[in-house]
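Here the structure is a predicted model, which is why all the values come from computation and not from measurement. Order of the sequence lines fixes the chain letters, A, B, ..., with proteins taken first and strands second; residue numbering starts at 1 for each chain.
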Protein chains: 2
Amino acid sequence: MLNQISPLDTLFQALADPTRRGIVERLAQGPQAVSELGAGLPISLPAVMQHLGVLQAAGLVDSRKTGRVRMVWLNPAALQRLGRWAQAQQAMWETRLDGLGDYLDETDAKD
Amino acid sequence: MLNQISPLDTLFQALADPTRRGIVERLAQGPQAVSELGAGLPISLPAVMQHLGVLQAAGLVDSRKTGRVRMVWLNPAALQRLGRWAQAQQAMWETRLDGLGDYLDETDAKD
DNA sequence: TATTTGGTTAAGCATGCGCTTAAGTATTGC
DNA sequence: GCAATACTTAAGCGCATGCTTAACCAAATA
């Protein structure tokens with residue numbers, strides 16, 4: 001597949017799943033226990049754990065266990081990296097946009 | 001999987017693949033023809049086409065065919081949506097950060 | 001008109017991923 | 001101590017995904 005893993009890679013892959021994105025959105029409201037998190041999802045607890053593992057590997061969440069309860073919370077730094085990447089591509093593109101306008105004017109083939 | 005497809009969903013899924021992210025980064029420099037794009041990648045042309053299909057479905061790229069050459073370019077609006085989402089989660093989290101500090105102080109179990 | 005070039009479609013394969021159930025392991029409460 | 005609670009680990013299953021090769025088609029070139 002050509003899959004050399006980069007930090008950004010695990011990040012995007014983690015957020016590609018809607019369930020995991022839902023967990024992130026949930027955690028954006030504040031820390032939650034694993035079971036608390038699972039109670040809001042239509043999947044088994046082991047599945048929740050697996051998702052949390054992916055999110056943690058991507059640096060998107062952190063957790064700490066106290067007694068028998070594991071608390072999970074968001075790590076905003078990862079989201080920042082994501083935003084920065086998107087913005088960088090956008091910025092790069094904006095500086096080249098002029099050429100495209102010319103190209104579009106010269107042509108009219110649709111597809 | 002719980003996969004109700006949302007616009008954001010196809011977007012993240014498209015960017016989860018490093019080859020596709022590479023294509024996006026390439027296109028951020030300016031429009032390119034399909035074969036031109038493919039020449040820089042260690043995969044077959046059909047594979048490139050498939051990636052472009054995913055990117056287009058996600059709204060990340062647009063293309064137009066002129067003669068027998070298809071030109072492909074970036075659509076920055078999709079990247080903007082991505083950045084906005086990341087920022088929204090971040091912002092939401094920042095407003096709740098205080099609670100976490102308290103929690104961390106009260107505990108010290110590591111894991 | 002014949003050939004090359006640039007792209008497209010189709011089929012099939014191998015791997016990865018998300019999910020499940022079943023079976024643990026620590027804490028906590030009675 | 002015994003049971004309930006809150007995870008955790010392990011194994012396995014089915015579908016999605018990225019890739020390939022083998023045609024095929026249409027535009028440009030000789």
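Residue B:Glu25 holds its CD atom at 14.5 Å from CH2 of A:Trp93, rounded to the nearest 0.5 Å. For the atom pair CD of A:Gln87 and CD of B:Gln80, the computed distance is 9.5 Å after rounding to the nearest 0.5 Å.
The backbone N or O of A:Asp62 sits nowhere less than 3.5 Å from a side-chain atom of A:Asn75 that would complete a donor-acceptor pair. In this structure a side-chain-to-backbone donor-acceptor pair under 3.5 Å is missing from A:Arg20 to A:Leu15.
The side chain of B:Pro46 has D:dT20 as its nearest neighbour among D:dT20, D:dT9, C:dG18.
Within the structure, a side-chain polar atom (N or O) of B:Gln13 is placed less than 4.0 Å from OP1 or OP2 of D:dT17. Side-chain N/O atoms of A:Ser44 include one lying less than 4.0 angstrom from OP1 or OP2 on C:dT20.
Put simply, CG on B:Leu41 is 16 Å from C1' on C:dG7, counting in whole angstrom units. Here C:dG7 presents its P atom at 11 Å from CD of B:Gln32, a figure rounded to the nearest Å. To the nearest angstrom, P of D:dA16 lies 14 Å from CG of A:Asp17. In this structure, A:His51 atom NE2 and D:dT8 atom C1' are separated by 16 Å, rounded to whole Å. Remark: C1' of C:dT27 and CZ of A:Arg64 are 18 Å apart, rounded to the nearest angstrom.
B:Gln56 is listed as a side-chain neighbour of B:Val61, based on a closest heavy-atom distance under 4.5 Å.
Side-chain to base pairing of B:Gln50 with C:dT8: no donor and acceptor N or O lie closer than 3.5 Å to each other.
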Readout for nucleotides 2-7 of chain D: B = base within 4.0 Å of protein heavy atom, S = sugar-phosphate only, - = neither; 5' to 3' it is --BBSB
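Taking the six-membered ring where tryptophan is involved, the planes of B:Phe12 and A:Phe12 are tilted, since the angle between them lies from 30° to 60°.
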